[in-house]
Amino acid sequence: MEYKKNILDRGFYSRDTSKVARDLLGKVLVKKSGRTAASGIIVETEAYYGPGDPASHAFRGSTPRSSIMFGKAGIAYVYLCYGVYWLLNIVTGEEGVPGAVLIRGLKPLDGIEEMQKRRNISCGRHKLTDGPGKLTIAMDIGYSDNGKDVADPKSDIYILENNPPDESFIIKNTERIGITNGKDRLLRYIAIGL
DNA sequence: GGGAAGATGTTCT
DNA sequence: GAACATCTTCCCT
C-alpha cells in the first residue's frame, strides 16, 4: 500500500471543525503497533468546538488537559473517559482556536485478528469497533499516542485518503451522543452504506 | 432486539 | 466533592 502518497496533510485538518468531521467519514485510520498495522474506515465522528460548545473540554478555556485542543491541527488528542476508556480525537481548526473531532466508529480493514485478541471478545454479540472506547482498544490506542502528529507520515498513527475514492455512502447528521449539554447542534456525522 | 443502570478514575470547582 | 464525549451486563419485550 502506498500509504505516504495518500496521507491527509495538515491543510485538511486546519479547516472548520464540522467540515473536517464530515470529510473524515470514509477515510482510513491506520495505527502501527510494533510489526503489525491495524486500519479501519471511519464511519462515525463528532465535532467539538470551544467557547459556545458546553460539551467541549475547551468550553471553559485552556486547562492542562484541553490545552492541546488550542494547538496545531492534525495532532492526536487522546484522553481518558470515565476513568476507563481512551477516546481518540484529532485537533482541528487554526492554531489558537480550540476544536477537535472525536472518532466514534470504525469499520475494521486490516489487523482484524489482532483487534479481536485485544478486545478479547467472548461472544459475537457485540461488534468490534462500533464505539469510541472500543475502537481505541481494538486499535491499540492509548495515552502514549496523545500529542502525536497524525499529518506526519513518520508517525505510527495517521489517516489516509480512501483509495479509490468512494463517495457512495450517505452522510447522516444527528445530535451528539452521551452528553448533557450542547445537544441543540447537529455535530455528529454517521456514514451509512460503507 | 432494545432499554436501564452500575463500574470506574481523572479533571476541575 | 461532583461531573463526565462510555461499555458491559442483565432483564424485559
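In the text below, chain A, chain B and the rest are named by the order of the sequence lines, each starting its count at 1. Everything numeric here is computed off the predicted structure, so don't read it as measured data. Excluded from the calculations below are hydrogen atoms, water molecules and symmetry mates; all remaining heavy atoms, backbone and side chain alike, are included.
Atom NZ of A:Lys148 has more than 12 heavy atoms from other residues, nucleotides or ligands within 6.0 Å.
Cluster annotation: A:Ile179 is not connected to A:Ile177 through the hydrophobic network of ILVMFWY side chains, with a link wherever side-chain heavy atoms come within less than 4.5 Å. Under the 4.5 Å side-chain heavy-atom criterion for ILVMFWY residues, a single connected hydrophobic cluster contains both A:Ile157 and A:Tyr13.
Projected onto DNA chain C by closest heavy-atom contact, A:Ile137 and A:Pro54 fall at different nucleotides, the more 5' of which corresponds to A:Pro54.
Annotation: proximity of residues 169-186 of chain A to DNA chain B (heavy atom, distance under 4.0 Å) is found for no residue. The stretch residues 74-85 of chain A touches DNA chain C through A:Tyr79, A:Cys81, A:Tyr82, A:Tyr85, each having a heavy atom within less than 4.0 Å of the strand. The stretch residues 99-106 of chain A touches DNA chain C through A:Leu102, A:Arg104, each having a heavy atom within less than 4.0 Å of the strand.
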Under 3.5 Å, sequence neighbours excluded: what are the donor-acceptor pairs made by side chains of residues 47-61 of chain A?
| residue | atom | partner | partner atom | Å |
| --- | --- | --- | --- | --- |
| A:Tyr48 | OH | A:Glu46 | OE1 | 2.6 |
| A:Tyr49 | OH | A:Asp16 | OD1 | 3.4 |
| A:Tyr49 | OH | A:Asp16 | OD2 | 3.1 |
| A:Tyr49 | OH | A:Ser18 | N | 3.2 |
| A:Tyr49 | OH | A:Ser18 | OG | 3.3 |
| A:Asp53 | OD1 | A:Ala55 | N | 3.2 |
| A:Asp53 | OD1 | A:Arg176 | NH2 | 3.0 |
| A:Asp53 | OD2 | A:Tyr49 | N | 3.0 |
| A:Asp53 | OD2 | A:Arg176 | NH1 | 3.0 |
| A:Ser56 | OG | A:Tyr49 | O | 2.3 |
| A:Ser56 | OG | A:Ala58 | N | 3.0 |
| A:His57 | ND1 | A:Tyr77 | OH | 2.9 |
| A:His57 | NE2 | A:Arg65 | NH2 | 3.4 |

Under 3.5 Å, which donor-acceptor pairs do the side chains of residues 186-194 of chain A form with other protein atoms, sequence neighbours left out?
| residue | atom | partner | partner atom | Å |
| --- | --- | --- | --- | --- |
| A:Arg188 | NE | A:Glu44 | OE2 | 2.9 |
| A:Arg188 | NH1 | A:Thr174 | OG1 | 3.4 |
| A:Arg188 | NH2 | A:Glu44 | OE2 | 2.6 |

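Atom NE2 of A:His57 is separated from atom P of C:dA3 by 15 Å (rounded to the nearest Å). Put simply, CD1 on A:Ile68 is 18 Å from P on C:dA5, counting in whole angstrom units. At whole-Å resolution of the value, CZ in A:Phe59 and C1' in C:dA3 are 14 Å apart. Atom CG of A:Leu135 is separated from atom C1' of C:dT8 by 16 Å (rounded to the nearest Å). Remark: P of C:dC4 and OH of A:Tyr48 are 12 Å apart, rounded to the nearest angstrom. Computed from coordinates, the A:Ile141 CD1 to C:dA5 P distance equals 20 Å when rounded to whole Å. Between A:Glu44 atom CD and C:dT6 atom P there is a gap of 10 Å when expressed in whole angstrom units. Rounded to whole angstrom, the span from the CZ atom of A:Arg60 across to the C1' atom of C:dC4 amounts to 11 Å.
A cation-pi arrangement is found for A:Arg15 relative to A:Phe12, the charged atom lying closer than 6.0 Å to the ring centre and inside a 45° cone about the ring normal.
Here the nucleotide nearest the side chain of A:Arg119, chosen from C:dC7, B:dC12, C:dA5, is C:dC7. Considering only side-chain atoms of A:Thr63, the nucleotide from B:dC12, C:dA5, C:dC7 that sits closest is B:dC12.
Consecutive pairing runs in DNA chain C reach the stem threshold at B:1-7 with C:6-12, B:9-12 with C:1-4, where a stem means at least three Watson-Crick or G-U wobble pairs with distances under 3.5 Å.
With contacts defined as side-chain heavy-atom distances shorter than 4.5 Å, the pair A:Ile68/A:Ile75 qualifies. Taking 4.5 Å as the limit, some side-chain heavy atom of A:Leu106 sits within range of a side-chain heavy atom of A:Leu29. With a 4.5 Å cut-off on side-chain heavy atoms, A:Ile90 and A:Val20 do not count as touching.
Checking side-chain atoms of A:Lys27 against main-chain N and O of A:Asp23 turns up a donor-acceptor pair under 3.5 Å. Formation of a donor-acceptor pair under 3.5 Å by the A:Ser39 side chain with backbone atoms of A:Leu109 is not found in this model. A side-chain donor-acceptor contact under 3.5 Å links A:Thr45 to the backbone of A:Ala21.
With respect to A:Asp130 and A:Arg104, no salt bridge is recorded, no charged nitrogen being found less than 4.0 Å from a carboxylate O.
Aromatic ring centroids of A:Tyr79 and A:Trp86 lie 6.0 Å or more apart.
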